[in-house]
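Just so you know, ligand 1 is whichever comes first in the structure, and atom 1 is the first atom listed for that ligand.
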Amino acid sequence: MFFYNVALLNSPLEPLTYQSVEDIKIGTLVEVSLQRRAKLQKAVIVKIVEKPSFKCVNIKEISTYFYDDKMLETASFISKYYVCSLGEALSVYTPFYMVEKTDFKEDINYTIELSNNQQKAYQFTQDNKVSLLFANTGSGKTEIYITAIKNIISQQKQALLLLPEISLSPQMEQRLTKVFGEQIAIWHSKIQKKKKESIIEDLLSGKVKIIAGARSALFLPYVNLGLIIVDEEHDDSYKSAQKPRLHVKDLSIYIGNKYDTQVILGSATPSLSTFHKVPYFRLKETFFQSEKQITFLDSNLELNDTIINKIKETIDNNNQVIVFLPTRANFKYQICKECGDAIECPFCSVSLSLHKNHNALQCHYCNYTQAIPKTCPSCKTGTIESFRLGTAEVYEQLQNILPSKVVEKFDRDSIKTNTALKKTLKQFNDNKIDILVGTQMLSKGHDYHNVTLAVVLGIDSILNMTSYKVREKALSLLIQIAGRSGRKGFGEVLIQTKNEDFFHNYLEVSDYEDFLKDELKSRVDLYPPYLRIARIIFSHKNAFIAKKELDMYVNQLKDHKELDIIGFGECNIFKISNNYRYEMLLRSNNVTKLLSVLHSIKTPIVSIDMDTLY
Ligand SMILES: [Zn+2]
Ligand SMILES: [Zn+2]
């Protein structure tokens with residue numbers, strides 16, 4: 001009889017011991033029964049052990065799927081660093097299975113001429129195992145990516161191009177397919193199961209050598225991954241919001257340092273953490289020398305005459321406009337004129353947003369929806385006024401003001417599928433849309449050829465959030481949006497803000513590189529990248545239970561020598577879906593000590609976010 005430790009997929013339990021008469025290889029996917037439950041549970045053999053003193057249960061099924069050593073090692077790192085069970089870490093991976101190899105056939109009939117500077121940048125990425133391409137919008141980093149990918153696949157290795165979920169634009173897809181043909185496959189969460197299976201099959205057989213895709217693409221079965229490119233590396237969507245709360249960019253750097261895999265990170269506005277730890281090459285030169293005129297508006301968040309006239313003028317000159325707002329729906333807050341109460345979600349401590357097209361108020365956290373009340377639900381008499389306009393409202397107002405123009409929305413309410421994304425982007429680039437009104441989705445790496453005006457509204461609400469990262473978030477977002485205007489020649493940017501000094505300084509006087517250097521100085525001894533911060537949330541339907549857990553850990557940790565509690569108390573959003581939430585922020589420059597404390601927090605009501613973005 002053989003004895004094995006098996007990690008249960010998607011289970012918070014640590015590995016358990018099972019037995020089998022079969023000699024099973026480490027990494028094999030098996031099925032076991034758990035506490036006499038009828039349904040079998042998928043699990044992975046992670047260790048061969050001695051006969052234990054207790055009685056073991058037999059492994060029920062042995063599959064032909066397996067996880068290789070790199071997957072097992074990286075999953076072990078994930079479970080330690082992002083504080084989850086080994087089974088939870090392994091569950092992000094797609095396992096290997098045996099397929100017949102196809103013969104390697106190189107068919108790239110496309111040559112790319114790199115400019116002098118691009119050539120230097122490319123050389124830099126080849127000289128450094130992990131490198132950052134700090135490349136201004138329009139400086140042609142895609143050509144460098146393509147050259148690096150060609151180089152890797154000519155060595156019979158595979159390449160991965162990671163992109164934020166929504167930023168694989170039709171242009172990018174066309175471009176990559178044109179160069180690499182059937183050797184490249186596109187991977188994202190909305191691809192159908194059948195298609196996914198056939199991509200895996202082709203990846204294993206060697207027919208597909210390049211994957212371009214979102215976060216989950218890092219966890220596919222690569223036989224010989226030689227290169228990982230992380231495009232738009234600053235993008236927060238690379239960090240998972242669910243357990244394991246891993247950061248795909250940081251994990252790529254980890255893989256690059258540990259294995260024989262080259263890593264290139266690219267961005268026009270790199271994250272401070274990458275800028276701090278990865279050697280960079282600055283690519284400033286743009287193909288289309290673009291002159292940019294920036295105007296600041298010290299106004300309220302509204303469409304005023306200055307903005308409307310500028311939009312009209314731009315469209316009359318046969319150019320296009322993008323309008324950015326951080327909020328979707330018509331209005332974020334509904335407040336009673338008489339008693340001043342806001343209409344909140346009954347299950348969450350957030351304001352309900354007004355969605356006029358559904359004639360409803362909706363919660364953006366739990367999706368609770370209700371009819372729009374005629375009078376205030378609190379005082380029963382007051383009338384309700386709406387505040388903080390969002391994309392839907394600006395879209396409607398622009399339609400009314402400019403009835404002969406075509407306005408479209410570009411946010412999560414209107415773009416729900418990849419097909420919808422492609423369709424809207426195509427219509428916009430075919431000049432069938434005059435104005436695109438959207439949220440952050442607008443900024444994600446899409447090329448707009450004919451946009452000469454970017455209107456940025458409400459950027460201050462990002463700057464006013466509570467996080468040590470707000471300056472970085474707001475400025476990089478602003479630069480990303482501004483970069484969409486004037487790709488060919490002249491471009492204008494209208495920015496509505498009460499913080500002109502800050503933005504003006506880093507947009508017009510100095511640039512993002514100076515910002516990163518200044519920001520680094522301001523974070524010494526206080527914040528990442530010099531220290532690590534973990535956010536610990538206790539949540540429960542009973543606020544008292546959550547609070548009790550928090551208090552206990554605050555007491556236990558407050559005198560800890562090697563870590564600080566930066567803050568604790570109710571979360572900014574205290575209640576979500578009827579769960580009351582308390583948080584504690586821990587900071588330390590000793591990662592080992594911090595992790596050992598995090599792993600010691602055993603209560604089931606906790607969620608731990610290492611390297612939190614908040
Ligand atoms: Zn009222
Ligand atoms: Zn809600």
Side-chain angles (χ1 to χ4, degrees), residues 165-166 189 236-237 239-243 245 300-301 325-393 409 411-416 438-441 458 461-462 464-467 535-547 549-550 569-584 604-609 612-614:
E165 178 77 27
I166 205 75
S189 62
D236 282 348
S237 68
K239 189 163 197 310
S240 172
Q242 280 123 33
K243 202 178 179 186
R245 291 172 174 257
N300 291 327
L301 175 53
L325 288 109
T327 327
R328 60 197 171 91
N330 289 76
F331 288 98
K332 193 179 165 86
Y333 301 113
Q334 329 305 325
I335 296 167
C336 172
K337 274 194 200 168
E338 252 163 62
C339 71
D341 276 6
I343 305 185
E344 285 199 348
C345 172
F347 309 109
C348 312
S349 40
V350 288
S351 260
L352 290 175
S353 293
L354 173 64
H355 288 255
K356 282 185 191 164
N357 63 339
H358 296 302
N359 213 359
L361 301 181
Q362 194 191 44
C363 172
H364 285 180
Y365 285 81
C366 72
N367 286 329
Y368 165 81
T369 307
Q370 68 166 56
I372 304 167
K374 297 229 156 43
T375 52
C376 168
S378 282
C379 68
K380 315 287 179 205
T381 54
T383 46
I384 307 291
E385 199 168 359
S386 298
F387 293 93
R388 174 85 82 79
L389 79 166
T391 46
E393 185 65 22
K409 260 194 324 159
D411 61 18
R412 266 202 291 142
D413 290 324
S414 43
I415 309 288
K416 289 194 168 130
T439 51
Q440 300 206 16
M441 210 184 252
S461 65
I462 291 164
N464 294 336
M465 294 190 307
T466 50
S467 155
R535 187 181 189 217
I536 295 130
I537 297 177
F538 302 93
S539 67
H540 199 275
K541 302 248 180 264
N542 181 337
F544 182 73
I545 292 176
K547 172 91 165 52
E549 290 281 357
L550 173 82
E570 292 178 6
C571 290
N572 241 345
I573 299 171
F574 182 36
K575 191 173 72 167
I576 293 181
S577 300
N578 261 347
N579 278 298
Y580 293 88
R581 304 156 75 242
Y582 286 88
E583 68 180 350
M584 170 166 70
I605 70 165
V606 74
S607 99
I608 291 169
D609 186 10
T612 181
L613 300 176
Y614 296 96

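The main-chain N or O of Asp609 is never found under 3.5 Å from a side-chain atom of Thr612 such that the two would form a donor-acceptor pair. Looking only at distances, a side-chain donor or acceptor of Thr369 sits under 3.5 Å from a matching main-chain atom of Asn367.
Looking at Glu549 and Val606, their side chains never come closer than 4.5 Å, going by heavy atoms from C-beta outward.
Rounded to 10°, the angle formed at the Zn ion (ligand 2) by Cys366 SG and Cys348 SG is 110°. With the Zn ion (ligand 1) as vertex, Cys379 SG and Cys336 SG subtend 110°, rounded to 10°. Rounding to 10°, one obtains 110° for the angle at the Zn ion (ligand 2) between SG (Cys345) and SG (Cys363). Taking the Zn ion (ligand 1) as the apex, the angle formed with SG of Cys339 and SG of Cys376 is 110°, to the nearest 10 degrees.
Taking the six-membered ring for Trp and the full ring otherwise, Phe387 and Phe331 have centroids separated by 6.0 Å or more.
Side-chain contact check for Ser386 and Asn330: no donor-acceptor pair (N or O, by modelled atom type) lies under 3.5 Å.
At a threshold of 2.8 Å, the Zn ion (ligand 2) has no backbone or side-chain N, O or S atom of His364 nearer than that distance.
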